[in-house]
Amino acid sequence: MFELVFFSLLNGLVFGMLLFMLSSGLTLIFGMMGVLNFAHAAFYMLGAYFAYTLTGYLGFWPALVIAPLLVGVVGALVERHGLRRVHRFGHVAELIFTFGLAVLIEEIVQAVWGRAAKSYEVPELLDFPLFRLFSTSFPAFKAFMLLVSVGIFVLLFLVLTRTRAGLIIQASLTHPSMVGMLGHNVPRVFMAVFGLGSALAGLAGVIAGPVLGTFPGMAQVLGSIVFVVVVIGGLGSLTGAFVASLLIGILQTFAVALNYTLTDLATALGIGLSAQSAFADLWTVTIAQIAPIMPYLLLILVLIVRPMGLFGTRET
Amino acid sequence: MTRRHLLLTVLSLLFVVVPAGVSHAQDTIKIGYIDPLSGAFAATGENGLNQFKFAAEQINKAGGVLGKKLEIVPFDNKVSPQESLVQLKKVISEGIHFVFQGNSSGVAHAISDAVRKNNERNPKERILYLNYSAVDPSLTEDKCHFWHFRFDANADMKMAALTDVIKQNKKIKKLYIIGQDYSFGHAVADAAVKMLAEKRPDIKIVGNEFHPIGKVKDFTPYVQKIIASGADAVITGNWGADMVNLARGANESGLKVPFYTYYAASDGNTAAIGAGGVDRIRLVGESPAFNPEPATKEMAAYITAYKKLYPNGDVNQPRIQTGLQMLANAITRAKTTDVYKVALALEGMEYTTLSGDHVVMRRSDHQLQMPIYISVHSNKNIKFDFDNSGFGLVTESKVERDKATLPTTCRMERPAA
Amino acid sequence: MSIVAAPAARRWGLCLAVVVVLVALPHLFGSPIAIAVMNKMGIAIIFALSYNMMLGQGGMLSFGHAVYFGLGGFIAMHALNRLAGGPWAPPVPLLPLVGGLAGLGFGALFGSFSTTRAGTVFAMISLGIVELVASSSLILKGFFGGEEGISGNRTKGLVLWGIRFASDVQVYYLIAFWTVVATGLMYAFSRTPVGRMANAVRDNPERAEFVGYSQRWVRFVSFCAAGFFAGIAGGLFAVNYEILTEEAVGLARSGNVLLMTYIGGIGYFGGPIIGAVIFTFLESMLSDYTPIWLLYLGILFLATVLFVPTGFAGVLMMHEPARRAGRLHRLALPYLAAAVVGLCAAVGIIGLLEMVHFWSAAAVGRTRMRLFWTMLDIKSVAPWLVFGVLAVGGALALRRVAPRAAAAWNEATYGREDAAR
């Protein structure tokens with residue numbers, strides 16, 4: 001039992017920190033430009049695919065550095081030539097643009113790399129069990145993932161609060177016009193933030209690709225969850241993204257481990273539930289089976305009760 | 001709505017004329033292949049397609065069928081029952097009368113139903129549905145019909161063989177079942193529970209888990225549960241990407257119990273299992289393994305020729321060649337491609353496979369009767385490996401055809417003509 | 001829109017013409033695949049028009065419209081399966097109505113909390129709902145049928161006037177009938193006070209409140225009506241395919257309807273019709289010619305968003321003043337030049353994309369591919385050079401020719417005297 005809890009917690013932490021790497025970029029972009037970037041998960045996918053190709057030529061470690069940079073450049077170009085043009089048509093047009101971009105990137109990836117999953121493997125240096133507790137081992141690569149995610153969190157925190165560039169970014173988050181009047185090139189700041197957010201997503205792809213699989217549908221798998229995290233945490237709030245990522249990550253991992261059903265609850269309370277009734281599905285479904293939909297339930301709940309999210313300050 | 005809009009709508013509808021004009025050469029016998037060529041199971045579908053193409057090539061080299069060449073026409077269904085029906089309409093409109101499909105019993109149910117309805121409603125555009133890999137027993141039991149033929153042993157037949165092997169292993173006291181959450185996964189679990197209760201009532205089933213098909217990439221939480229349950233063995237019917245990811249998750253977490261599977265070889269599985277699975281992972285299948293030697297010289301030659309053309313592929317579904325050859329024989333025997341006559345020729349047909357097994361297409365339910373083999377993942381005496389990994393399958397035991405044959409509840413309605 | 005002022009006779013003449021054309025179509029194009037594509041188009045038209053009730057007329061961007069489409073279809077299918085043979089057996093022609101009522105019901109249910117806010121929050125809630133319903137489909141197996149979905153037999157419905165709907169052509173006429181009826185009803189809705197207020201709420205919600213209408217109420221009514229018509233499309237889907245799976249309620253289908261509506265043009269009533277026809281046609285036919293057809297669709301969509309936000313309908317309507325002034329012919333030559341140059345660029349880009357895809361997807365050793373009716377060897381430099389030149393050269397030439405076409409349009413629209421302004 002302890003083994004199950006311990007490893008579920010650990011795995012949930014790894015997944016949660018990965019979600020944070022993805023959602024931090026998204027929430028920063030939203031906080032600054034008011035754009036909910038649907039193509040964010042597509043940048044995650046690009047990171048994985050770039051890393052897969054670069055690993056073939058240069059090895060994993062150079063790819064770890066170069067792939068996110070490439071994705072960041074792509075992101076900056078998208079902002080400069082696409083988003084800026086659409087900006088004047090309003091929020092709805094921006095959303096539609098990023099939605100179309102997500103579709104386009106996914107199709108380009110399929111056209112260039114093919115439809116089958118790519119065997120993007122864990123590098124040999126990290127392909128060993130880090131430790132073994134009772135009868136379960138924990139792979140070293142997952143520990144590496146955790147390390148990178150935590151490192152990025154710390155770096156982001158330091159950059160945003162201790163460096164000049166970070167202070168300008170924070171200022172542009174709430175007072176873009178004033179920052180412009182003070183002489184800073186606000187459009188360039190926007191472009192840099194968009195590029196940075198995309199690079200973070202790309203980095204998430206580089207380290208998650210071997211574990212979660214590198215295939216054309218990988219953007220859709222995580223895309224929705226990342227939105228849930230960002231909205232629950234609060235649009236524009238990094239702390240919120242952090243808390244919500246860990247919450248969702250651990251919740252989902254733990255949920256799979258639990259096989260309790262509503263029938264169990266009812267039996268514990270002394271109520272008999274018929275297995276033949278029309279709602280039998282609802283009584284007999286286990287928590288493990290509900291695990292995929294729990295984030296969305298939470299999302300809708302939060303949006304109804306507190307649309308600005310747990311730590312957010314604005315809705316749109 | 002202005003007249004311009006109307007004009008435009010009509011003009012755009014005119015584009016529909018293009019497909020009407022699609023014409024094909026008449027000197028080939030077209031055989032449709034509806035399976036995933038994109039999406040989560042693309043690799044499985046593409047490997048299957050290559051094996052079909054190769055088998056057709058061999059038949060064409062030997063003179064073809066009724067003097068014509070066989071042509072395999074692929075249709076991508078993305079493992080979606082709905083998309084498969086759309087592709088089926090295309091199959092009909094291109095004048096194709098024979099359709100092979102195998103990946104996912106869910107799709108198989110949809111196609112089987114659609115073929116039955118189509119043949120009832122449009123007797124001039126009949127199709128024959130040749131199921132080479134969808135093994136939910138229901139397709140030849142309560143849902144059987146005249147136009148469906150199955151070339152793989154169904155899930156019950158395979159589980160009977162598997163549980164016989166488990167019965168012998170006295171070390172197993174606790175068993176965990178994990179499978180994909182759809183008709184086939186449930187069929188495997190139900191058969192396992194039922195047959196184990198008969199053969200080894202002392203074995204406790206400590207887990208019966210279903211996960212969404214094609215969606216789980218990281219099986220670590222599920223493997224965690226298996227470990228926590230204290231199981232001594234695992235049964236799973238997982239296939240394609242789900243089996244590869246499960247094997248990978250088990251390897252990473254250091255799960256070392258024996259696995260009794262339906263599809264844990266090739267398509268990336270053998271490479272993912274690797275050294276950790278030697279003598280531990282077992283597979284039940286319709287053909288003998290190729291190590292230490294293929295059963296016949298013909299099979300050895302076939303595999304060698306295939307590897308030359310598709311160095312990254314494997315002949316992991318010999319039933320494909322069996323099915324295609326039996327269809328070719330039926331067309332030859334019926335002397336026509338008329339679907340009804342071919343079906344009559346196919347049922348009851350006896351055939352000797354490339355591996356030397358005597359199989360027969362049972363008339364009562366159109367389920368091919370065959371011996372069943374249990375193989376084990378190994379690295380000793382591997383002449384023909386899978387996934388170019390150095391690992392492969394070695395035959396461990398065989399269940400003869402008469403033992404493997406199970407009764408059926410099929411009540412087939414035969415059409416008059 | 002000019003039709004508002006048109007005399008009644010002209011309007012009825014138009015309706016009659018549409019009916020005649022729809023009746024004649026299956027006789028002109030009778031192959032099974034043609035009928036199948038036309039059925040698909042009819043369903044897509046109703047679905048896209050219902051979506052535009054929210055997007056174009058109400059300004060509400062929803063990512064979850066497929067929920068009402070799919071749930072309508074599921075309820076219709078269940079009605080057919082469970083009630084067939086009994087005293088309440090539904091006739092197949094009324095099944096879309098069953099689907100519509102189901103769509104209305106679910107629209108009211110989900111709309112009760114979705115429509116409190118507009119804009120981004122609304123879009124996010126719709127996303128949450130669609131993911132929730134799509135994921136539930138694997139849990140609530142009794143209703144959704146799990147992986148296999150729910151299938152039925154449309155010939156088992158109540159038979160009226162001897163029509164059993166066994167053949168696809170009969171289903172075509174049913175779909176055509178409902179397309180006309182639904183389009184007419186939706187057009188009528190856009191003319192009602194609440195339909196007009198939806199436009200007002202889209203443009204300036206605060207002002208609409210001052211005029212006396214609750215923006216939330218107007219949005220709610222639009223939402224329910226859109227759900228009703230989406231449910232009708234879903235019911236027709238159930239009749240046409242006789243199977244419903246979780247894809248019918250999924251995000252992909254919602255995304256598709258957004259694509260087709262936007263490409264057609266959200267600012268005009270008939271825009272989604274054009275978009276639905278184009279999208280369905282490309283989806284069905286293009287996939288036969290190239291495996292990367294969705295990429296082309298994505299490029300088309302993005303190009304529409306960036307350069308032509310008014311969509312196809314917008315482009316057409318842009319030429320209305322020129323047509324009325326009788327100066328349309330002046331556009332012929334400049335447009336032709338632009339078209340030819342554009343075609344060269346398109347051929348170049350398509351060629352490059354196809355070759356890249358082939359190169360990555362082909363089996364080991366295969367280097368010859370079939371493109372534009374010729375065999376090419378992708379290992380040699382020649383095809384890459386040719387397509388590269390076409391693409392780059394075409395793009396550069398387009399930059400030269402396009403301003404001339406734009407100037408010609410200016411001239412045709414405003415007249416030579418005013419064009420100089």
Side-chain angles (χ1 to χ4, degrees), chain A residues 1-12 14-15 18 107 110 114-119 121-122 127-142 208-218 220-222 252-259 285-286 288-289 291-293, chain B residues 36-47 49 76 78-79 176 178 181 206-212 214-231 240-242 244-245 248-257 267-268 271-272 274 276 312-313 387-389:
Chain A
M1 184 63 191
F2 169 72
E3 186 184 350
L4 185 65
V5 169
F6 177 73
F7 279 102
S8 297
L9 201 64
L10 210 54
N11 281 310
V14 172
F15 185 51
L18 184 74
E107 290 307 313
Q110 283 188 66
R115 299 208 145 84
K118 292 292 168 197
S119 61
E121 301 294 338
V122 171
D127 196 8
F128 63 93
L130 187 65
F131 63 86
R132 195 175 173 82
L133 193 66
F134 303 112
S135 33
T136 319
S137 356
F138 189 69
F141 190 72
K142 285 216 172 138
V211 172
L212 293 180
T214 306
F215 57 100
M218 67 191 292
Q220 281 167 18
V221 165
L222 280 191
Q252 273 219 283
T253 315
F254 261 100
V256 174
L258 297 170
N259 267 346
V285 72
T286 63
Q289 285 176 299
I293 68 169
Chain B
L37 297 172
S38 63
F41 296 103
T44 320
E46 282 203 26
N47 288 342
L49 178 60
D76 179 11
K78 308 178 182 74
V79 187
Y176 199 98
I178 179 170
D181 195 0
V206 290
N208 198 343
E209 182 88 47
F210 297 106
H211 64 82
K215 298 227 167 72
V216 180
K217 301 300 160 192
D218 187 6
F219 271 84
T220 316
Y222 292 97
V223 172
Q224 217 63 63
K225 272 165 98 166
I226 299 177
I227 296 177
S229 72
D242 284 327
V244 177
N245 289 328
R248 201 174 277 161
N251 252 359
E252 269 178 16
S253 298
L255 178 62
K256 295 245 179 276
V257 300
D267 282 347
N312 290 330
D387 299 333
N388 298 325
S389 62

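Below, each value reflects all heavy atoms present in this structure, side chains not excepted, and no hydrogens, waters or symmetry copies. Just so we're on the same page: letters track the sequence lines, and every chain starts at 1.
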Engineer: Look up atom CG in D218(B) and atom CZ in F15(A), then write down how far apart they are to the nearest 0.5 Å.
Structural biologist: 8.5 Å

Engineer: Side chain to side chain donor-acceptor pair (under 3.5 Å) with S253(B): which residues, sequence neighbours excluded?
Structural biologist: none

Engineer: For residues K142(A) and T220(B), determine if any side-chain heavy atom of one lies less than 4.5 Å from a side-chain heavy atom of the other.
Structural biologist: yes

Engineer: So which part of Q252(A) gets closer than 4.5 Å to some heavy atom of chain B, the side chain, the backbone, both or neither?
Structural biologist: neither

Engineer: Does any non-hydrogen side-chain atom of F141(A) lie less than 4.5 Å from one of E252(B)?
Structural biologist: no

Engineer: With sequence neighbours excluded, tell me which residues meet side chain to side chain donor-acceptor pair (under 3.5 Å) with N245(B).
Structural biologist: none

Engineer: Which bit of L37(B) comes within less than 4.5 Å of chain A, counting heavy atoms only: side chain, backbone, both or neither?
Structural biologist: backbone

Engineer: Quick check for you: to the nearest 0.5 Å, what is the distance between L4(A) atom CG and Q224(B) atom CD?
Structural biologist: 6.0 Å

